[in-house]
Protein chains: 2
Amino acid sequence: MTTKWQTGSFQLMKSMNRSLILNIIRQKEPISRAEIAKLTKLTPPTVSNLVKELLQTGIIIERTLGESSGGRKPTLLTLNGENFHVIGLDVGSKDIKVIITTLSCKLLKKKCFPIPESINNDKLLELIIDSIHSIKSSEEIDEKKIIGIGVAMHGIVDPEKGESVFAPNLNLHHIPIKAVLEKEFDMIVKVENDARTMSLGELWFGNGMSSESFVCINVGRGIGAGIVINGKLFHGNHSISGEIGHMMIDVNGPKCPCGNYGCLQTFSSGPAIAEGVKKLLRLGHSSLIEELAENNLDKINAELIYDAAKKGDQLCTTALQQAGYYLGIGLTNLIHLINPAQIIIGGGVSNAHEFVIEGVRKTVSQKALTESAKNTEIIISKFGADATVIGAVALILVELFSSKSAA
Amino acid sequence: MTTKWQTGSFQLMKSMNRSLILNIIRQKEPISRAEIAKLTKLTPPTVSNLVKELLQTGIIIERTLGESSGGRKPTLLTLNGENFHVIGLDVGSKDIKVIITTLSCKLLKKKCFPIPESINNDKLLELIIDSIHSIKSSEEIDEKKIIGIGVAMHGIVDPEKGESVFAPNLNLHHIPIKAVLEKEFDMIVKVENDARTMSLGELWFGNGMSSESFVCINVGRGIGAGIVINGKLFHGNHSISGEIGHMMIDVNGPKCPCGNYGCLQTFSSGPAIAEGVKKLLRLGHSSLIEELAENNLDKINAELIYDAAKKGDQLCTTALQQAGYYLGIGLTNLIHLINPAQIIIGGGVSNAHEFVIEGVRKTVSQKALTESAKNTEIIISKFGADATVIGAVALILVELFSSKSAA
DNA sequence: GGTTTTTGTTTATAATTAAATTTAATTAAG
DNA sequence: CTTAATTAAATTTAATTATAAACAAAAACC
């Protein structure tokens, strides 16, 4: 145990209480000092002192008086969210999504920039910088209010260095995002894997608020997992945790681009579903999708399959259900290993959730070993395709609201 | 986040520092106050005050003076381990192992009691009680010094209730171990799953001391995992984490007693290895093991296979290597999910590690996706078959040395 | 209008850590 | 052999912070 031991100190004590109060305000705003004291079990003076400091930093403000229930009217406190803005990016395989929000994640502006076919590290970094400049200088935005930039990136990310180690869908290696952005914009920059930002977004603004141990599954071109344990994002030793897409569930199964056999990704990812449908069509099966794709197999992708399924096509419905079945196998393995209270499914597939999720739930309840495992709550992210970029914003909020930060 | 928020308070501060000092003494004994202050970055008076309290409780004592390096000789402090004893039990499928040790896990006495073929909850509890009485009243033992009983149990355990929920190898359900033992012996009783106690033992006394995020794999009749994250045992939401034995790695593979197909356990557990060998023999393959088993297939078990392999038998060697291969698949999946710094393999199979572990390592380095994953350290527990029962002792030490406890 | 309730502040106190000082013991240098 | 320097431990004093209790102000209720 070569731990960096945490010693009990005055600073720690104060910093714990400050972040405690700040987080209570964030979650329960508007709220009075007295209410905070009651909820946190801190004494009123302690709350008053720390609130005074927080007011000075400007991160919270006093609002109008609230309604009394038989006594002095409470002075309500809220985050001064409007005065602090955060930029979030989602660097996907086809485009870069940029948003700017308040501290409460109220969307102020959203833009999208396509990534050209042929790209290299420098061009991508340039594109990222341009996209940030573009949203920063929008008319409605006061640039001085921006406090940080969070970046979500698919593939393997080293969040400490702030580097994209490998982005398979762009086929790029070692992109020093954090270093470059910090130099360009001179503010906090955080970089994280997309599945992990997704779960952070859920933790701060989504379904995760009711639970503190859950897993987010990001199903799209790949399949990634973001693991939250005790209200904290779990990274693992070298930040490669959550690579559920390459969980081998059929060692004698089909070959995966990664070189192994029977990876979950070869069954349940968007491209895998499309490939399966194409194969059936080539074998002579017929489906509504042929019409939708104008009889061009190359035009078939997961979205089109979803459209066809929605229109009642049996072949496509079955394909999606089967993807759900295999995803359920993978999730059962995950449940048996880390036993989360909740699993939240998001990413591209969440559009087609009505067809997929039943298969997932059914498989888990069939294959899991114990009652509690069978009953693991499996839900769909309510943020849909934006889950990742919202998580990117949350990356910065963690910095701001966490214990160490002095606001 | 419905967390029980921890407020910063004087008690917390002091309790953190006390446990910090206690743990430093445990790990570095003998050690002087000045040295503690240097290591912990606490100030000398803080250390002196807390050491005074700890001396009063009797848990530590002042030893002879140490060597000076040019100044006043330091007063060395050590745990008063000899004055506090802990009982550890390992309730396996065939027998109950009981040990009694000092706080430093120095073995004082060890006993073993066979579990009869037909058993029920009451009989098992009686047997457990008798075994504890037996070791308690040994001549060498001063009963007054015993402070707690730790119990390791295979299968699904609810550590909060202190109950064995399901013990597959004994086919027993809902055994209220903690309640019964606390009533009988009136001291701290902790009950935990065997793989998890194993990893706790490694954390406190074994290989885990150099790392704070690792996984212990207990391979025997079943396969279980104990996960340690940031120096803490990980339980998951309903304490069923670590059920790696039923990770499905071949969905179209052989049926497992659990009802699913292709569980890791059907490839790499002791019984599975034996079954595989028997099958080959029935098909007419020949092996040295026929001689060792006196041509009685029923006598073939994992241990005998290991003996044969050690004598150079090819069939048995291959069988063990193949078990290692599949275990490697399971561990690769685990590495991709939770990315531990280290994997420690123990349990029955650790006897045959020379044949198994190479297969495991080779598979992981072939199948893992990144360099760091490939290089995950995979080692054998140095405690061998005793790893579990040592962990049972550690269960009590956690209580004693953890932050909340006032010793 | 008086009483009660609620909110928030002030004042004083207690529990700690933090810093500076003192005492003691030992070694090394002169 | 003496003295200075060094290290260890204990003690004193100061600073920091939470806590407790008292208090003031405002509103609601009777």
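Values below: all heavy atoms of this structure, side chains included; hydrogens, waters and symmetry mates excluded. Lettering of chains follows the sequences in order, A, B, ..., and the numbering in each one begins at 1.
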On DNA chain C, compare the nucleotides closest to A:Q11 and A:K38; which residue's is nearer the 5' end? A:K38
Is any side-chain nitrogen or oxygen of [X] closer than 4.0 Å to OP1 or OP2 of [N]?
{"X": "A:T46", "N": "D:dT17", "answer": "no"}
{"X": "B:S48", "N": "D:dA10", "answer": "yes"}
{"X": "B:R33", "N": "D:dA8", "answer": "no"}
{"X": "A:K73", "N": "D:dA26", "answer": "no"}
{"X": "A:N17", "N": "D:dA18", "answer": "yes"}

Length of the line joining [X]:[atom1] and [N]:[atom2], which is rounded to integer Å:
{"X": "A:K41", "N": "D:dA20", "atom1": "NZ", "atom2": "C1'", "result": "18 Å"}
{"X": "B:L42", "N": "C:dT16", "atom1": "CG", "atom2": "C1'", "result": "12 Å"}
{"X": "A:L12", "N": "C:dT17", "atom1": "CG", "atom2": "P", "result": "12 Å"}
{"X": "A:L76", "N": "C:dT6", "atom1": "CG", "atom2": "P", "result": "16 Å"}
{"X": "B:L77", "N": "D:dA9", "atom1": "CG", "atom2": "P", "result": "8 Å"}
{"X": "B:N49", "N": "D:dA9", "atom1": "CG", "atom2": "P", "result": "15 Å"}
{"X": "B:E62", "N": "D:dA9", "atom1": "CD", "atom2": "C1'", "result": "10 Å"}
{"X": "A:K14", "N": "C:dA15", "atom1": "NZ", "atom2": "P", "result": "21 Å"}

With respect to the side chain of B:M13, which nucleotide from D:dA21, C:dT16, D:dT17 is positioned closest?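 Selected nucleotide: C:dT16.
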Assuming nearest nucleotide by heavy-atom distance, tell me which of B:S9 and A:F10 is located more 5' along DNA chain D.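 Nearer the 5' end of the strand: A:F10.
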Pick base, sugar-phosphate or nothing for A:S32, based on heavy-atom distances below 4.0 Å to the nucleic acid.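 Sugar-phosphate contact only.
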Just call it for B:P44: base, sugar-phosphate, or nothing, with non-hydrogen atoms closer than 4.0 Å on any strand. nothing
Taking the side chain as every heavy atom from C-beta outward, state whether [X] and [Y] have any atom pair closer than 4.5 Å.
{"X": "B:F10", "Y": "A:F10", "answer": "yes"}
{"X": "B:I99", "Y": "B:L107", "answer": "yes"}
{"X": "A:M187", "Y": "A:E182", "answer": "no"}

Closest non-hydrogen atom pair between A:N339 and B:H238, with its separation: ND2-N, 2.7 Å
Let me confirm one number: the CZ-CD1 distance from B:R33 to B:I21, rounded to the nearest 0.5 Å. 10.0 Å
